[in-house]
Structure formats: structure tokens, C-alpha cells
Protein chains: 2
Amino acid sequence: MANAADRAYDAIRSGILDGTFPPNARLKEAELVTFCGVSRTPVREALRRLAAEDFVRIQRNQGAQVKSWSHDDLDDLFSLRALLEGHAAARAAERITAADLARLSDAIREMDAVLASDTAQSRKIAEFLRLNRVVHETVWQASGSDRLVSMLGHLVEQALMAHTAQKFSIARVAQSHHHHQELLRAMQARDAAWAEAIMRSHIRAARQALDPPAGAADGH
Amino acid sequence: MANAADRAYDAIRSGILDGTFPPNARLKEAELVTFCGVSRTPVREALRRLAAEDFVRIQRNQGAQVKSWSHDDLDDLFSLRALLEGHAAARAAERITAADLARLSDAIREMDAVLASDTAQSRKIAEFLRLNRVVHETVWQASGSDRLVSMLGHLVEQALMAHTAQKFSIARVAQSHHHHQELLRAMQARDAAWAEAIMRSHIRAARQALDPPAGAADGH
DNA sequence: TTCGGGCCGTTTGTATACATCGATCGGTTA
DNA sequence: TAACCGATCGATGTATACAAACGGCCCGAA
């Protein structure tokens with residue numbers, strides 16, 4: 001994290017993810033200069049990068065604005081993610097190495113341990129999310145397509161931004177964990193179709209979990 | 001094309017596509033300043049943008065370099081393109097409007113006219129490529145996913161860069177034309193599976209056409 | 001009262017000067 | 001002679017000053 005542009009990028013990005021800059025907030029360069037502690041040049045560079053990654057929207061001579069996400073955008077995002085993650089899982093099932101299989105297996109066993117342990121739920125969830133990322137990235141890499149890795153990384157970043165208010169329940173985590181276990185079995189069996197199907201379910205379930213429960217429409 | 005940054009972007013991008021800056025060429029900011037006729041600030045912005053779009057590679061304190069493409073990169077690129085274009089075609093078949101269908105039909109009929117006309121082959125090919133873009137973009141938009149549109153646009157840009165030396169033969173164009181015609185029939189029949197299958201073939205054929213013919217290994 | 005036009009403040013866009021990093025080349029030493 | 005160290009140069013990274021553009025406001029006229 002040596003240079004100013006990267007520092008500015010990280011600072012602004014964190015600000016967006018933690019809600020300091022809510023959706024639709026206008027990001028003025030002068031404010032970000034004091035916020036990040038660097039001059040306008042690296043701030044501008046960071047903003048352009050964030051725009052390329054779809055975190056903000058830049059209009060000519062009108063600066064940057066934090067992107068907001070509609071219900072349809074989320075559907076769109078997760079539908080593509082399901083397609084690509086499914087594809088990655090299928091390819092991975094056909095070509096995963098013993099080492100990567102072991103890494104998957106280890107991560108999932110570690111999840112077991114975390115969930116069975118006697119720690120606070122929030123801590124459990126945080127740890128689970130970290131391992132979740134390991135599982136997915138292992139699958140992506142095992143797919144053997146660098147481009148797929150970068151595209152999926154990109155989509156997941158956006159998904160992260162879209163639901164700043166993480167609504168992870170412990171029940172949701174348990175379902176997710178079962179998916180991972182089944183995914184591992186599919187990989188061990190080198191069954192591409194199975195791996196793809198379970199991965200798609202996994203992602204679509206994640207989409208579903210973002211919507212409020214059916215009976216809990218707000219305002220009543 | 002009002003501002004300097006966009007002018008720089010267009011100039012450098014064209015330079016890469018037309019071979020002025022060959023693969024692996026180092027792009028020094030000072031040289032680009034004279035090449036584009038703007039100062040370093042917009043040149044740098046253009047380079048970062050090109051890096052985000054995978055046209056160049058930037059290393060810290062070492063500037064930018066035009067990306068080069070290996071055989072495997074091309075496989076990777078077209079394999080993903082086949083997946084996504086196929087997906088877009090399937091979705092489009094299910095939800096395409098009458099207006100878009102007419103647009104597809106018109107573009108294809110225009111291709112007929114161009115191919116049957118009495119003009120130079122190079123002119124025919126150029127015109128065909130323009131209409132080809134119209135056909136594909138219509139399908140993307142009809143898919144109803146903005147994200148898919150931007151991802152595919154991105155992948156096609158990269159494909160364009162990867163084969164600067166366009167090796168389009170008239171025979172290749174004819175095959176491509178037949179694919180388009182069949183795609184239109186699949187759309188008219190609203191047969192998603194058919195549309196997806198023909199689109200995949202279409203993209204994989206395009207990949208194949210980039211490799212030199214089997215018997216024509218260079219150097220002999 | 002409402003619409004149009006021009007002024008002014010704020011914000012972004014561009015140019016340029018300065019700081020810093022890395023690579024190369026030459027000299028010195030083991 | 002080979003290897004290492006340091007100076008120097010050229011390139012990128014950063015800061016800042018200046019230019020241009022957008023938006024809001026006030027004022028005047030219909």
C-alpha cells in the first residue's frame with residue numbers, strides 16, 4: 001500500500017462499503033482530498049478506478065456518485081453470477097488438482113469447526129465468510145481460466161457493495177455450508193454437471209436471502 | 001469527443017488496434033504526450049482506462065505496455081464469449097420484441113444485399129463486419145441484461161485487439177452469414193435452446209478461423 | 001407572476017513543476 | 001576477472017496552479 005493512489009482507492013472503497021458514503025452520495029474531489037490525506041491527482045485516479053469497477057458513476061464535469069442498486073440490478077447480477085460460478089464449478093470438477101481438492105476439503109472442515117465451536121454468532125459468521133471466500137476462489141482458480149477468475153472477483157465485489165447491510169443469519173450460513181459440502185463431493189466425484197447444478201443453487205439461494213422474508217413487507 | 005482525456009484514449013486505442021503500437025510495445029507517457037497532443041494528466045487517465053479494459057498492462061513505476069495474447073488466452077476468451085453470447089441468445093429468444101426482431105431481420109437482409117452486390121471484397125467484408133456488430137448488439141440488448149451487454153462489449157473489444165491482422169475470408173463471411181440466418185429463425189420460433197446452440201457454434205467457429213489452416217504451418 | 005438571460009460561485013478538467021522510484025553503467029574491490 | 005556498490009539519468013508518481021464548465025441566483029421584462 002505504498003502509493004497515494006492506492007491509499008485513496010482503499011479509503012474511498014472502504015467508505016462506500018461501510019456506509020460512510022451511502023448510495024447516491026456525491027463524492028466531491030475536494031472533500032476526498034481531506035478524507036484520504038492525498039492530493040487531487042491520486043484521488044481522481046482512485047475515482048476513475050472505482051468507476052471502472054462499477055462502484056461509482058462519473059458524469060462529465062459533474063463528478064462521482066456512489067452507485068445504487070435496484071431490485072432488478074440484483075437479479076441481473078446474481079443471475080450472471082450463477083451462470084459463471086456454475087460454469088467455473090463444472091470446469092473445476094473436470095480439472096481440479098489433488099492439492100486444490102485438499103484445500104477445499106480443509107476449508108470446509110474448518111467451517112465445521114467454527115460452526116461447532118462456542119464463540120459468538122457474529123464471530124462465527126465473520127469467520128465463515130472468510131472461509132467462504134477461500135472455497136469460491138479455489139473453485140475459480142481450479143477452473144483454469146484467468147479471465148473467469150477476474151470476472152467473478154468483479155461480480156462478487158459488486159454483490160458485496162449491493163448489500164452493505166449484511167443480513168446473514170446462522171440458518172443461512174448452515175444452508176450455505178451444506179451446499180459447500182455437496183460441492184466438494186461433486187468435485188471428488190469429478191461430476192461436472194453435478195458441480196454446476198449445486199453451485200447454481202448455491203448462488204440463487206444467496207440472491208433469495210437478500211430479499212426480506214415474504215410476510216415482512218415494511219410499513220405494516 | 002470534447003475533452004482531452006477522451007481524445008488521448010481514442011488515439012492510443014486506435015494506435016494499438018492499427019498496429020502503430022504493437023504487442024509488448026512500451027508506452028511512455030512523454031511520447032504519448034506528443035502523439036496525442038495533450039498533457040500528461042489526460043494521457044495517464046487514458047492509460048489507466050486502457051488498463052482497466054485490458055488493452056495494456058501497467059506496473060508500478062514502470063509504465064504501460066501493450067498486452068500480448070497467447071493461444072491459450074484466445075481459447076479462454078472465446079470460450080467465455082461462447083458461454084455468454086449463448087446465454088444472451090437464449091434469453092433474447094424468450095423476450096425479444098417485435099421491433100428488435102425486425103431490426104435483426106433488416107440487418108440480415110442488408111447483409112444479403114451486400115454479399116450479392118458487385119463491390120470489392122474488402123468493401124463487402126467491412127460492411128459485413130459493421131452489420132455483424134448490429135446483429136450481435138441487438139441480441140445482447142434483447143437479452144434484457146445491461147450487465148451482459150457491457151461484459152460482452154468488453155469481451156468483443158478484446159477479441160478485436162487480439163487479432164489485429166484480420167483474417168476474414170469471403171468464405172468465412174458466408175458461413176457467418178448462414179449462422180445469423182439460422183439465429184434469426186430460432187428467435188422467430190422463440191426457441192431458446194436452439195438460439196443458444198447456434199450462437200455457441202457461431203462463436204466457436206470465429207475462434208477457429210483465427211488459427212492458421214492446418215497444413216499451413218509457417219516457415220515451410 | 002413567470003419566463004429568459006446573464007453573472008458568479010463551486011466543481012471538475014488540464015497543464016506543469018517537483019518528488020521519488022528504478023534501471024543502467026561505471027568504478028572499485030575481492 | 002567477476003561481482004558488488006553507488007552515482008546518475010530517465011521515467012513515473014504527486015502536488016498544485018490555472019482554465020473551463022456547470023448550476024444556482026438575481027434581475028429585468030413581458
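Numbered from 1 within each chain, the chains take letters A, B, ... in sequence-line order.
Atom CZ in A:Arg40 sits roughly 11 Å away from atom C1' in D:dC18 (whole-Å rounding). What separates NZ of B:Lys28 from P of C:dG22 is a distance of 18 Å, to the nearest Å. The CG atom of A:Asn61 sits 14 Å away from the P atom of C:dT11 (whole-angstrom rounding). When rounded to the nearest whole Å, the span between CD of A:Gln65 and P of C:dT12 equals 12 Å. Remark: P of C:dT20 and CZ of A:Arg7 are 12 Å apart, rounded to the nearest angstrom. Remark: P of C:dA23 and CD of B:Gln59 are 9 Å apart, rounded to the nearest angstrom. The distance between atom CD of B:Glu45 and atom P of C:dT12, rounded to the nearest whole Å, is 13 Å. D:dT12 atom P lies 9 Å from atom CD of B:Glu31, rounded to whole Å.
Ring centroid separation for the pair A:His87 and B:His87 does not come in under the 6.0 Å cut-off. Proximity of the aromatic rings of A:His177 and A:His202 is defined here by a centroid distance below 6.0 angstrom, and this criterion is not met. With ring centers used as reference points, A:Phe35 lies under 6.0 Å from A:Phe21.
Here the nucleotide nearest the side chain of A:Val38, chosen from D:dT14, C:dT16, D:dA15, is D:dA15. Of the candidate nucleotides C:dG13, D:dA15, D:dA11, D:dA11 has the atom lying nearest to any side-chain atom of B:Arg26. With C:dG13, D:dT14, D:dA11 as the candidates, the nucleotide lying closest to the side chain of A:Pro42 is D:dT14. Here the nucleotide nearest the side chain of B:Arg44, chosen from C:dA15, D:dT16, D:dT12, is D:dT12. Closest contact between the side chain of B:Gln62 and the listed nucleotides D:dA11, C:dT14, C:dG22 involves C:dG22.
A salt bridge links A:Glu137 with A:Arg133: the distance from a Lys NZ or Arg NE/NH1/NH2 to an Asp or Glu carboxylate oxygen falls below 4.0 Å.
Under the 30°/60° scheme for interplanar angles, the aromatic rings of B:His180 and B:Phe128 are found to lie parallel.
Among the atoms of the strands shown, none is found under 4.0 Å from any heavy atom of B:Leu47.
Distances shorter than 4.0 Å separate none of the side-chain N or O atoms of A:Thr41 from OP1 or OP2 on D:dT14. Between B:Arg60 and C:dC21 there is no side-chain N or O to OP1 or OP2 distance below 4.0 Å.
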